[in-house]
Amino acid sequence: MLDKYDEIFDAYKKYITENSKYGTRVVKYNTNTSSYFPIIVCYVSSNTDLSNETFYDIDYIENYTVTVNIYTKNKIDGSQTIPAQEIDKELHLLTATFFRKLNMQRNTDRPSFNLDVDILRRTMRFTCKIGNRGNIIRRWNYERL
């Protein structure tokens, strides 16, 4: 199986770091990060072997699902307070744009339950198929034919 996750994660982390104005931290695992906000946890939630499938001479190797959890809370910047919803809106747009450019399909995009009511959490899931040459193929491109 190909290891595409590290490549996707590194590019996503760089993209968010360069484009977010809120000093967002992007991590692979949610461990002891509760004191730093905003934070994004990005991980592969499904990675299935598809070595038997072919489409137009492309041998599929993997079916990938990447899950992104965005955690925000109100941020005090000098004398003003920036609402968590505003930070979430920016990070949501940046995340959707990044994965769209990768040609991945968004399957889930919703606010999620969080035990701490002061923290806003959004869950997004993106899927794709990885071809034998390491290329990302958007799932619905061939299902609609």
- Task: Please test L102 against C128 for side chain to side chain contact (heavy atoms under 4.5 Å, CB included), starting from the C-alpha separation and ending with a verdict.
- Result: CA-CA 9 Å; L102 279 186; C128 70; over 6 Å; no
- Task: Assert yes or no for the condition that the ring centre distance of Y12 to F99 is strictly below 6.0 Å.
- Result: yes
Considering only heavy atoms from C-beta outward, does the side chain of [X] approach that of [Y] to under 4.5 Å?
X	Y	answer
K73	I87	no
I70	T95	yes
T97	Y15	yes

- Carboxylate-amine/guanidinium proximity below 4.0 Å for D88 and R122: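 The answer is yes: the pair qualifies as a salt bridge.
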- Query: Do NZ/NE/NH1/NH2 and the carboxylate oxygens of D10 and K13 come within less than 4.0 Å?
  - Reply: no
- Hey, are N69 and T123 close enough side-chain-wise for a donor-acceptor pair under 3.5 Å?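 Note: T123 and N69 side chains meet the donor-acceptor criterion.
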- Pair R125, T65: side-chain N/O donor-acceptor within cut-off below 3.5 Å: no
- Task: With side chain to side chain contact (heavy atoms under 4.5 Å, CB included) as the test, would you mind laying out the steps for I39 and T24 before giving the verdict?
- Result: CA-CA 6 Å; I39 190 163; T24 306; 6.0 Å; no
- Query: Is V68 reachable from L120 through a run of hydrophobic residues whose side-chain heavy atoms are each under 4.5 Å from the next?
  - Reply: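 No: no chain of side-chain contacts under 4.5 Å links L120 to V68.
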- Query: Could you go step by step and tell me if I119 and F37 meet the side chain to side chain contact (heavy atoms under 4.5 Å, CB included) rule?
  - Reply: CA-CA 9 Å; I119 299 171; F37 289 95; 3.3 Å; yes
- Query: Any donor and acceptor pair, going by atom type alone, linking the side chain of K75 with main-chain N or O of Y22 inside 3.5 Å?
  - Reply: yes
- Task: Would you check if the side chain of N107 reaches a backbone N or O of F126 as a donor-acceptor pair within less than 3.5 Å?
- Result: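 Side chain of N107 to backbone of F126, a donor-acceptor pair under 3.5 Å: no, none is there.
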- Task: Kindly confirm or rule out a cation-pi arrangement of R121 over Y71, judged by NZ or CZ under 6.0 Å from the six-membered ring centre and within 45° of its axis?
- Result: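 Not satisfied by the 6.0 Å and 45° rule.
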- Message: S20 vs E90, test: side chain to side chain contact (heavy atoms under 4.5 Å, CB included). Steps then yes/no.
- Response: CA-CA 7 Å; S20 175; E90 178 199 72; 3.0 Å; yes
